[in-house]
Engineer: 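First, the structure itself, so that you have it in front of you.
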Number of protein chains: 2
Amino acid sequence: MFMNFENTLSFLLAKVTVAHRNTLQKSVNESGLHSGQVFVMFELWKSDGQRQIDLALRLGLSPPTVNKILGGLLENDFVTRAKYEDDARSTRIFLTPKGKAIRGQLELQWIKLEEQTVSALTDTEALMLKQLLAKLLERPELV
Amino acid sequence: MFMNFENTLSFLLAKVTVAHRNTLQKSVNESGLHSGQVFVMFELWKSDGQRQIDLALRLGLSPPTVNKILGGLLENDFVTRAKYEDDARSTRIFLTPKGKAIRGQLELQWIKLEEQTVSALTDTEALMLKQLLAKLLERPELV
DNA sequence: AAGCTACCATTAGCCGGCTAATAATCAAAA
DNA sequence: TTTTGATTATTAGCCGGCTAATGGTAGCTT
């Protein structure tokens with residue numbers, strides 16, 4: 001009479017969420033970073049000196065979440081805050097030398113993580129999965 | 001010189017899962033439940049009176065996580081705890097009438113959520129995505 | 001110039017994950 | 001029988017998400 005809960009896409013996504021976050025956590029904590037911090041660092045490596053609100057928008061996270069993550073990065077001296085001269089409301093986030101230096105290591109760890117994840121699939125499957133996930137992300141309100 | 005971070009499977013999975021959890025949260029909070037509680041309830045509907053450790057194993061969650069989620073369900077009178085006669089260590093979790101009554105509503109909401117999610121894809125794509133996610137989940141240590 | 005509105009950062013507080021550490025119990029081995 | 005080890009639940013404390021509410025600033029309108 002009742003549906004097959006475990007076979008819904010929503011269920012599978014939820015399960016993958018938890019599993020993937022655990023794997024990500026293990027993968028990056030060698031570098032002294034936590035899972036959420038990695039995404040902020042990648043964004044800063046692309047463009048240093050962003051405002052918090054822009055980081056939030058590009059990462060698809062709420063401003064308080066970004067603020068909290070930055071707190072940890074500041075404590076560990078990966079980034080610094082600096083007031084933006086033209087606008088006293090916003091602060092700009094800059095990479096420290098330590099934050100810049102860690103990039104290579106993190107990229108290698110990310111590549112290893114990617115190889116691990118992809119190893120469960122064939123090349124075709126991996127490509128297809130990426131395309132399907134990207135298609136879901138095009139509708140942020142639906143995922 | 002550096003990799004295309006946004007095009008890795010690991011990145012896409014991380015993004016999709018955050019987005020999906022937000023959608024799930026909105027979907028189920030009409031019923032008075034939170035996102036994590038839903039999975040425990042579905043598990044109890046399948047088999048009432050389980051021990052916490054068995055819930056944790058079947059859900060793929062840590063025992064403290066299940067314990068915390070059950071705290072909320074107990075407070076809101078969706079479940080009750082009862083000692084297992086043969087073993088003083090474990091407790092068994094039972095659905096209350098309120099917990100049993102909410103099943104139909106939750107199932108409908110889940111179906112709506114599923115339709116929403118799947119609507120971004122064709123039938124073939126949705127089926128394929130489910131199969132690929134399921135394949136990833138077969139290797140819990142890799143996702 | 002004054003005031004309204006929009007924007008940015010921040011705080012507080014919640015839920016959902018986790019690990020590590022405790023306490024109690026059970027079971028098996030010595 | 002005692003002791004040792006495994007199991008179960010629980011607590012504490014962390015990170016990563018979120019919403020709601022504050023306070024300060026900018027900017028536009030009047």
Side-chain angles (χ1 to χ4, degrees), chain A residues 14-29 31-41 50-57 59-76 78-79 81-93 140 143, chain B residues 14-29 31-41 50-57 59-76 78-79 81-93 140 143:
Chain A
K15 284 292 139 194
V16 170
T17 301
V18 175
H20 181 260
R21 186 144 100 191
N22 291 340
T23 304
L24 172 56
Q25 185 65 53
K26 284 176 195 157
S27 166
V28 301
N29 73 0
S31 60
L33 290 175
H34 296 279
S35 60
Q37 298 174 338
V38 174
F39 297 94
V40 173
M41 294 301 287
Q50 295 190 50
R51 300 182 306 161
Q52 293 187 203
I53 184 67
D54 292 323
L55 285 172
L57 288 172
L59 293 169
L61 300 174
S62 69
T65 294
V66 171
N67 192 269
K68 193 187 282 192
I69 290 175
L70 286 173
L73 290 173
L74 283 161
E75 268 184 17
N76 291 292
F78 288 109
V79 303
R81 262 193 247 267
K83 274 290 170 194
Y84 181 42
E85 305 75 25
D86 292 7
D87 192 332
R89 290 171 300 184
S90 53
T91 57
R92 302 225 163 211
I93 309 298
V143 181
Chain B
K15 285 294 136 192
V16 169
T17 53
V18 170
H20 180 260
R21 183 141 104 190
N22 291 338
T23 305
L24 170 58
Q25 185 63 54
K26 284 175 195 159
S27 166
V28 302
N29 72 0
S31 60
L33 290 175
H34 296 278
S35 59
Q37 297 173 339
V38 174
F39 297 93
V40 172
M41 293 302 287
Q50 297 189 49
R51 301 180 306 159
Q52 294 187 201
I53 184 66
D54 292 323
L55 285 172
L57 287 172
L59 293 168
L61 299 175
S62 69
T65 294
V66 171
N67 192 270
K68 192 187 283 191
I69 291 175
L70 286 173
L73 290 173
L74 284 160
E75 268 184 18
N76 290 293
F78 289 108
V79 303
R81 263 193 247 267
K83 274 290 169 195
Y84 182 42
E85 305 76 26
D86 292 7
D87 192 333
R89 290 170 301 181
S90 53
T91 58
R92 302 225 165 213
I93 308 299
V143 182

Engineer: Starting at the 5' end of DNA chain C and moving along, which residue's nearest nucleotide shows up first, A/Lys26 or A/Pro64?
Structural biologist: A/Pro64

Engineer: Among C/dA6, C/dG16, D/dT8, which nucleotide has an atom closest to any side-chain atom of B/Ser90?
Structural biologist: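 Given the options C/dA6, C/dG16, D/dT8, the side chain of B/Ser90 is closest to D/dT8.
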
Engineer: Using a heavy-atom cut-off of 4.0 Å across all strands, would you classify B/Gln37 as base, sugar-phosphate, or nothing?
Structural biologist: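 The residue B/Gln37 makes sugar-phosphate contact but no base contact.
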
Engineer: Determine whether A/Leu73 and A/Leu33 satisfy the following criterion, side chain to side chain contact (heavy atoms under 4.5 Å, CB included), listing intermediate values before the conclusion.
Structural biologist: CA-CA 8 Å; A/Leu73 290 173; A/Leu33 290 175; 3.7 Å; yes

Engineer: From D/dT7, D/dC18, C/dC8, pick the nucleotide closest to the side chain of B/Asn22?
Structural biologist: D/dC18

Engineer: Under 4.0 angstrom, heavy atoms only, what part of the nucleic acid is B/Ser62 near: base, sugar-phosphate, or nothing?
Structural biologist: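 Base: the residue B/Ser62, judged by heavy atoms under 4.0 Å, touches a nucleobase.
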
Engineer: In whole angstrom, what separates B/Asp86's CG from C/dA27's C1'?
Structural biologist: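 After rounding, the reported distance stands at 14 Å.
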
Engineer: State which of C/dC26, C/dT10, D/dC18 makes the closest approach to the side chain of A/Pro63.
Structural biologist: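 Closest of the options to the side chain of A/Pro63: C/dT10.
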
Engineer: How long is the line joining CZ of A/Phe78 and P of D/dC15, in whole Å?
Structural biologist: 13 Å

Engineer: Starting from C1' on D/dC14, measure out to CG on A/Leu33 and report it in whole angstrom.
Structural biologist: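 My rounded result for the distance is 16 Å.
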
Engineer: Between C1' on D/dT8 and CG on B/Leu57, what's the gap in Å once rounded to a whole number?
Structural biologist: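 Taking atom C1' of D/dT8 as the reference, CG of B/Leu57 is at 11 Å.
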
Engineer: Ignoring the backbone of B/Ile69, work out which of D/dG16, C/dC18, C/dG16 is nearest its side chain.
Structural biologist: C/dG16

Engineer: Where the side chain of A/Asn76 meets the backbone of A/Gly72, is there a donor-acceptor pair that is under 3.5 Å apart?
Structural biologist: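 Looks like yes, one N/O pair under 3.5 Å.
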
Engineer: Hey, which of these two, B/Arg92 or A/Gly36, hits DNA chain D nearer its 5' end, going by closest nucleotide?
Structural biologist: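 The residue mapped nearer the 5' terminus is B/Arg92.
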
Engineer: Provide, to the nearest angstrom, the distance between the CG atom belonging to B/Leu24 and the P atom belonging to D/dG17.
Structural biologist: 16 Å

Engineer: Going by atom types alone, do A/Arg92 and A/Gln52 pair a side-chain donor with an acceptor below 3.5 Å?
Structural biologist: no

Engineer: Measure the distance from NE2 on A/His20 to C1' on C/dC18 and round it to the nearest whole Å.
Structural biologist: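 Whole-Å distance recorded here is 16 Å.
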
Engineer: Quick one: label B/Arg81 by what it contacts on the DNA or RNA (base, sugar-phosphate, nothing), any heavy atom closer than 4.0 Å.
Structural biologist: sugar-phosphate

Engineer: Is B/Asn67 near enough to D/dT10 that one of its side-chain N or O atoms lies under 4.0 angstrom from OP1 or OP2?
Structural biologist: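 Yes, such a contact exists.
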
Engineer: A/Asp87 side chain: which of C/dC8, D/dA26, D/dG17 is closest?
Structural biologist: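 Nearest nucleotide to the side chain: D/dA26.
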
Engineer: Any side-chain to backbone donor/acceptor pair from B/Lys15 onto A/Gly60? Under 3.5 Å, distance only.
Structural biologist: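 No, B/Lys15 side chain to A/Gly60 backbone: no donor-acceptor pair under 3.5 Å.
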
Engineer: Can you tell me which nucleotide in C/dA24, C/dC15, D/dG17 comes closest to the side chain of B/His34?
Structural biologist: C/dC15

Engineer: Just the rounded figure in Å: distance from C1' of C/dT10 to CG of A/Leu55.
Structural biologist: 15 Å

Engineer: Taking the nucleotide of DNA chain C with the closest heavy atom to each, which residue, B/Glu75 or B/Val66, is nearer the 5' end?
Structural biologist: B/Glu75

Engineer: C/dG16, OP1 or OP2 - any side-chain N/O from B/Thr65 closer than 4.0 Å?
Structural biologist: no

Engineer: Starting at CD1 of A/Ile69, measure out to CG of A/Leu59 and round the result to the nearest 0.5 Å.
Structural biologist: 7.5 Å

Engineer: Please give, in whole Å, the distance from C/dG17 C1' to B/Gln25 CD?
Structural biologist: 14 Å

Engineer: Any side-chain N or O of B/Arg21 under 4.0 Å from OP1/OP2 of D/dC18?
Structural biologist: no

Engineer: With a 4.0 Å limit, can you tell me whether A/Arg51 has a side-chain N or O closer than that to the phosphate oxygens OP1/OP2 of C/dA9?
Structural biologist: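 For A/Arg51, the contact criterion (side-chain N or O under 4.0 Å from OP1 or OP2 of C/dA9) is not met.
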
Engineer: I want to verify a distance call: between C/dC15, D/dT25, D/dT10, whose nearest atom is closest to the B/Gln52 side chain?
Structural biologist: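 In terms of side-chain proximity for B/Gln52, the closest of C/dC15, D/dT25, D/dT10 is D/dT10.
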
Engineer: Output the single nucleotide from D/dA9, D/dG17, C/dG16 whose closest atom is nearest the side chain of A/Leu61.
Structural biologist: D/dG17

Engineer: May I ask you to decide if A/Arg21's main-chain N or O and A/Lys26's side chain share a donor-acceptor pair within less than 3.5 Å?
Structural biologist: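 It does not hold such a pair.
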
